[in-house]
Amino acid sequence: MTWRERLPAVRGKLLMDEPLAALTWLRVGGAAEVLFLPADEEDLADCLRALPADTPVTVLGVGSNVIVRDGGIDGLVVRLAGRAFGEVHVDPGPRQVIAGAAVLDSAVARAAAKAGISGLEFYAGIPGTVGGALTMNAGCYGGETGAVLVAAWGVDRTGERRVFTVAELGYSYRHSQAPAGMIWTGAVFQGGRGDPEALGQAIAAITQRREATQPIREKTGGSTFKNPPGDSAWRLIDAAGWRGKRMGGAMFSPLHANFMINTGEAAADDLEDLGEAVRADVEAKFGVALEWEIRRIGRRRQRRA
Ligand SMILES: Cc1cc2nc3c(=O)[nH]c(=O)nc-3n(C[C@H](O)[C@H](O)[C@H](O)COP(=O)(O)OP(=O)(O)OC[C@H]3O[C@@H](n4cnc5c(N)ncnc54)[C@H](O)[C@@H]3O)c2cc1C
């Protein structure tokens with residue numbers, strides 16, 4: 001019997017060979033061997049506990065910073081959705097926002113602003129989930145997750161529930177030292193005191209600025225590469241002549257040179273090959289090795305039958 005035939009009973013959904021492209025912003029890639037939509041944290045923990053230890057587990061948020069490769073993802077892919085992971089609460093006394101991992105960052109920003117909690121407005125500019133933000137230390141315009149987080153909790157690969165304070169997560173630029181395999185299910189954020197109307201205006205300004213400077217209506221994955229120390233990835237890509245350049249259906253955006261776009265016909269391979277061509281060229285011209293910010297997950301080629 002294969003591991004798929006021995007999957008435990010769950011209260012959520014287990015979907016075999018489920019296509020993933022539509023669950024990502026870049027709209028590319030193959031299928032999950034098994035896609036798991038847990039009903040709640042307990043369902044997730046029970047399933048992980050029962051899964052053979054050598055079965056790979058991958059987590060997806062709303063796929064705004066990933067390329068799922070064309071051969072799909074082996075093992076179990078977990079996607080948190082629904083009420084159990086999608087609630088956001090405000091505690092006005094200590095000025096804290098408590099959010100499930102599937103809550104959109106923009107909903108955290110809006111809930112905080114409405115309650116007069118300042119410092120979380122930057123989340124209005126990030127189109128991911130709380131779970132993605134915890135893993136990526138998502139941030140923009142001077143704000144970042146590690147600076148506003150109090151604690152995060154979730155389930156590890158063995159199904160054990162664990163809680164971490166922000167200090168224990170060792171955040172740095174787009175990086176955390178959380179143990180590999182943690183699946184975040186929720187977090188609490190801390191803000192300061194602010195005026196709801198002014199915070200609402202700050203959010204509107206961030207949204208407008210995004211519209212003007214990023215291809216947010218395209219199939220994109222956000223920043224392709226991390227900014228190297230003391231420089232900007234977009235500046236190097238631009239200076240190397242790649243702004244607006246295409247390879248097949250993959251292109252570097254004319255609007256923001258560090259954003260890759262699927263013009264419609266790209267495969268994951270095209271996007272990854274274009275990214276690698278740019279990395280090699282930037283390194284040859286400027287001696288800077290760009291590091292991928294987009295997470296590339298799965299296998300490049302089809303699994304053998
Ligand atoms: C138009 C656009 C603009 C963007 N602007 C910014 C920006 O200004 N600043 C910024 O930081 N990012 C930006 N991004 C990138 C992206 O939105 C962030 O990285 C976001 O935090 C990813 O969240 P997600 O839910 O989409 O995660 P995904 O892309 O689905 O996953 C990203 C990583 O997080 C992990 N992950 C997701 N959920 C969980 C979970 N529950 N537990 C454990 N791991 C998890 C995944 O395994 C993966 O490694 C932008 C993207 C786009 C498309």
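All values below were derived from every heavy atom in this structure, side-chain atoms included, with hydrogens, water molecules and symmetry-related copies excluded. When a ligand or atom number is given, it counts from 1 through the structure's own listing order.
Listed by atom number, the atoms of ligand 1 under 4.0 Å from Trp25 heavy atoms are 1 (C), 53 (C). Close contacts between ligand 1 and Met136 involve ligand atoms 19 (O), 33 (C) [criterion: under 4.0 Å to a heavy atom]. Residue contact check: Leu80 has heavy atoms under 4.0 Å from atoms 41 (N) of ligand 1. Those atoms of ligand 1 with a heavy atom of Gly139 less than 4.0 angstrom away are 7 (C), 8 (O), 9 (N), 10 (C), 11 (O).
Of the polar atoms of Asn65, at least one N or O is found under 3.5 Å from an N or O of ligand 1, judged by distance alone. For ligand 1, the polar-atom distance check finds an N/O of Val59 within less than 3.5 Å of one of the ligand's N/O atoms. Checked by distance only, ligand 1 and Leu60 stay at 3.5 Å or farther apart across all their nitrogen or oxygen atoms. Polar contact check, Ser223 against ligand 1: no nitrogen or oxygen pair lies under 3.5 Å apart.
Of all protein heavy atoms, the one closest to atom 32 (C) of ligand 1 is Val66 CG1, 3.9 Å.
A distance below 6.0 Å separates the ring centres of Phe225 and Trp292.
Salt bridge Glu33/Arg299: absent, no basic N to carboxylate O contact under 4.0 Å.
Here the OG1-CG distance, from Thr2 to Leu7, works out to 8.0 Å after rounding to the nearest 0.5 Å.
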